[in-house]
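Worksheet: the structure to be examined is printed underneath.
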Amino acid sequence: MLSYVLAGLGVVVLSFAPSVLGEPTTDTGRVLLQVVRPVVAGVLIVAALAVQVVVGITWRRDLLQPADPTPDAPADPPAPGSPQV
């Protein structure tokens, strides 16, 4: 879910029309916003990809772990001739 939110925010930031941020020729702050906008969008999209990678690695690691034995089953069978407890 987090990766979808990050990717969506990246797309929204990237899709801002230049007219929303103002005319870049009138103010140096607006020029900086025009430069930072794609960088922020890229960082958000890379963060979404990183979340997917972490989730995938965790899922695979958990998938490859052996199942726990049932707690009421004996760990080792009793040796022949030993008393049953």
Side-chain angles (χ1 to χ4, degrees):
M1 179 70 175
L2 178 63
S3 63
Y4 292 123
V5 172
L6 290 171
L9 284 173
V11 169
V12 167
V13 168
L14 193 58
S15 68
F16 280 153
S19 60
V20 171
L21 300 174
E23 195 60 40
T25 57
T26 59
D27 188 14
T28 56
R30 296 189 197 279
V31 173
L32 184 61
L33 279 175
Q34 293 294 333
V35 173
V36 170
R37 182 177 54 98
V39 172
V40 169
V43 166
L44 288 170
I45 291 171
V46 168
L49 179 63
V51 168
Q52 286 294 319
V53 168
V54 167
V55 167
I57 289 172
T58 304
W59 175 77
R60 182 178 170 96
R61 187 185 62 221
D62 291 343
L63 185 66
L64 294 176
Q65 284 181 345
D68 292 333
T70 57
D72 35 334
D76 292 324
S82 65
Q84 298 290 327
V85 181

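Worth saying up front: this structure is predicted, and the values here are computed from it rather than measured. Starting from 1, each residue takes its place in the sequence as its number.
Gly10 and Ala41 make their closest contact through O-CB, 3.3 Å (heavy atoms, listed as atom of the first residue, atom of the second, distance). Across Ala48 and Ala7, no two heavy atoms sit closer than the pair CB-N, 3.8 Å.
Under a hydrophobic clustering in which Ile, Leu, Val, Met, Phe, Trp and Tyr are joined whenever their side-chain heavy atoms come within less than 4.5 Å, directly or via other members, Val43 and Val12 fall into different clusters. Both Val55 and Leu44 belong to a single network of hydrophobic side chains, linked directly or stepwise wherever heavy atoms of I, L, V, M, F, W or Y lie under 4.5 Å apart. Hydrophobic clustering (ILVMFWY, side-chain heavy atoms < 4.5 Å, transitive): Leu2 and Ile45 are in distinct clusters. By the criterion of side-chain heavy atoms lying less than 4.5 angstrom apart, applied directly or through intervening Ile, Leu, Val, Met, Phe, Trp or Tyr residues, Tyr4 is not grouped with Val40; the two fall into different hydrophobic clusters.
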